[in-house]
Amino acid sequence: MIVLSAFSPLSPQALAISNLFVAILVIMAAIFALVTGILLYVIVRYRARPGQGEPRQNFGDTKLEITWTAAPLLLLVVVFFFTIHTMAAADPATHGRAPDLDVIGHQWWWEVRYPGSGAITANEIHLPVGRRMLVRLDSGDVIHNLWFPELGPKMDLVPGQTNYMWLEADKPGTYLGACAEFCGTEHAWMRLRAIAEPPAQFAAWQRHQLQPAARPAGGETARGGALFSQLTCISCHAISGVGGPTEGIAPNLTHFGERQTLAAGLFANTPANLAIWLRDPQEAKPGNHMPNMQLPEIQVHALTVYLESLK
Ligand code: CUA
C-alpha cells in the first residue's frame, strides 16, 4: 500500500524540509524539557510550608530581563537561518529554465503535459529517477494545491498565476500525491501518482504516450470504440487518433488502459470499477463534471472493453 507520509523524504527537496522539521523539533523539545524541569524543581523546592510567612518580594532584575529577551531572539535568529537554508534547498531558483512538466488542476483531476515532447496524460506523472523536473503549475478553475509529501514542498495552482515547483525522486517507485487546498465537493478525491522509473524506461514511456491510441481489433472492442465517438464521450475526452477536444475539459484517455487508477485515485483501474463509474459517475464521485449518461448495460460493457484496451 502506498501512503501519504511527510516522514519518509525521498528527494533532496523533501529531505531539506524534513531536516528543518527535525532540527526545530529537537530545539523545541530541549527548551520544553528545560522549562518543565525548572518549573517542577521550583514547585517542589519552594512549596509553601506550615508556619512559613510571606516570601521575600523581588521587583525587577536587569540581568534576568536581558537574558530572557536575548535567548529567544538568538533562538529565532538560528531558526531563521535554518529556514532560509531550507528554502534554498527545497525551492531553488528556476533561472528562466523551460518547464519539463505542466500540471493543470481541474475540479477534480489533474491534467499532465510534457511540453518538450507533447505527451499528455492525467492523474499520473512519470518521472526519470534522480533528475530534477521543473513543474509549471496552473489551474483551469479554482485554487488547487499539488503535494507529494515524500517528494517535496506543496505549491498552489492558481487560475491566471503561473507557479513553479521542483519534482524529483531519489528511488524508483510509485508516490502518492494529493490536492492540499480545499477546492470543492470532491477535493478529497483529487489524488495523483508520481511514478519514478529509470531514465531509459521513462523515455520509453514518453515515446509510447506520443503514439495514437490502439486501434480496436474488432468485436466488442470495436463496438465500444464506435460508441465512444457516437455518444457524447468524445465531446469532453480526447483520444489521440480518434478525436476530441485539445483543451483539458476532461482527462485524455489515449492510453487510459495503462493507468493505475481511475477518477483521480478513487478506484483501481479495473474493468469492474470502470463499469461502476460508467453506470453512474455521480453515484461514484458526487459533484464531478461527468453526467450520468444512463447507459444501457450492453453499452457499459462495450465501452469498458474498449477503454481498458487503450494501452
Ligand atoms: Cu483540488 Cu483540492
Side-chain angles (χ1 to χ4, degrees), residues 1-93 132 137 142-158 163-171 173 175-184 187-192 194 265:
M1 196 178 70
I2 54 171
V3 293
L4 288 164
S5 170
F7 295 108
S8 48
L10 285 166
S11 78
Q13 294 80 17
L15 185 66
I17 294 172
S18 176
N19 286 346
L20 176 67
F21 170 74
V22 172
I24 293 180
L25 185 71
V26 167
I27 294 172
M28 296 309 149
I31 294 170
F32 178 75
L34 181 73
V35 171
T36 312
I38 292 174
L39 186 66
L40 289 174
Y41 172 77
V42 169
I43 287 171
V44 175
R45 172 75 180 76
Y46 297 103
R47 68 185 184 277
R49 291 186 171 84
Q52 195 181 40
E54 277 285 295
R56 187 168 63 83
Q57 301 297 301
N58 274 327
F59 296 99
D61 185 316
T62 314
K63 252 194 258 174
L64 256 182
E65 281 171 19
I66 289 172
T67 309
W68 71 49
T69 307
L73 184 71
L74 196 70
L75 195 71
L76 287 178
V77 168
V78 169
V79 170
F80 175 74
F81 279 103
F82 277 174
T83 306
I84 295 288
H85 180 76
T86 303
M87 285 165 74
D91 189 20
R132 215 162 64 170
L137 301 168
V142 300
I143 300 176
H144 303 275
N145 184 296
L146 181 62
W147 190 35
F148 284 101
E150 289 163 307
L151 303 185
K154 41 172 93 158
M155 187 61 79
D156 272 347
L157 295 86
V158 184
N163 283 343
Y164 293 87
M165 73 184 273
W166 295 97
L167 208 52
E168 178 174 359
D170 293 335
K171 286 200 309 189
Y175 302 93
L176 199 55
C179 180
E181 172 83 32
F182 182 72
C183 54
H187 159 69
W189 281 120
M190 190 166 164
R191 292 289 176 89
L192 79 168

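What you see is a predicted model, and the numbers here were worked out from it, not measured in a lab.
- Smallest separation of non-hydrogen atoms from D156 and L137: O-CD1, 4.0 Å.
- In the displayed structure, R56 atom CZ is contacted under 6.0 Å by at most 12 heavy atoms of other residues, nucleotides or ligands.
- The structure places CG of L176 at 8.0 Å from CD of E150, a figure rounded to the nearest 0.5 Å.
- Side-chain contact between I31 and L75: present, with at least one pair of heavy atoms (C-beta onward) separated by less than 4.5 Å.
- More than 12 heavy atoms of other residues, nucleotides or ligands lie within 6.0 Å of CE in M28, so this atom counts as buried by the packing criterion.
- Listed here is the closest heavy atom pair of P149 and A14: O-CB, 4.3 Å.
- With contacts defined as side-chain heavy-atom distances shorter than 4.5 Å, the pair I17/F21 does not qualify.
- In this structure, Y164 has no ring pair (Phe, Tyr, Trp, His ring centres under 6.0 Å) partners at least two apart in sequence or on a different chain.
- If you take OG1 on T67 and CG on L74, they are separated by 12.0 Å, rounding to the nearest 0.5 Å.
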Test log, rule side-chain contact (heavy atoms from CB on, under 4.5 Å), inputs N19 and F82: CA-CA 9 Å; N19 286 346; F82 277 174; over 6 Å; no
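- Closest heavy-atom contact between S11 and E168: CB-O, 2.9 Å.
- Distance OG/S8 to CG/L151: 9.5 Å, rounded to 0.5 Å.
- Separating the CG atom in L10 from the CZ atom in F148 is a distance of 13.0 Å, to the nearest 0.5 Å.
- Contact between P92 and W166 at its shortest, heavy atoms only, is O-NE1, 2.8 Å.
- Residues R191 and G177 approach most closely at CD-O, 3.3 Å, considering heavy atoms.
- One finds the CD1 atom of I24 at 7.5 Å from the OG1 atom of T86 (value rounded to the nearest 0.5 Å).
- Residues D170 and P12 meet the side-chain proximity criterion, which asks for heavy atoms closer than 4.5 Å.
- The distance from the OG1 atom of T36 to the CG atom of L40 is 6.5 Å, given to the nearest 0.5 Å.
- One N or O on the side chain of H187 and one on the backbone of E181 form a donor-acceptor pair closer than 3.5 Å.
- Looking at T69, its side chain does come within 3.5 Å of a backbone N or O of E65 through a donor-acceptor pair.
- Of all non-hydrogen atoms in W189 and G265, the two that sit nearest each other are CZ3-O, 3.2 Å.
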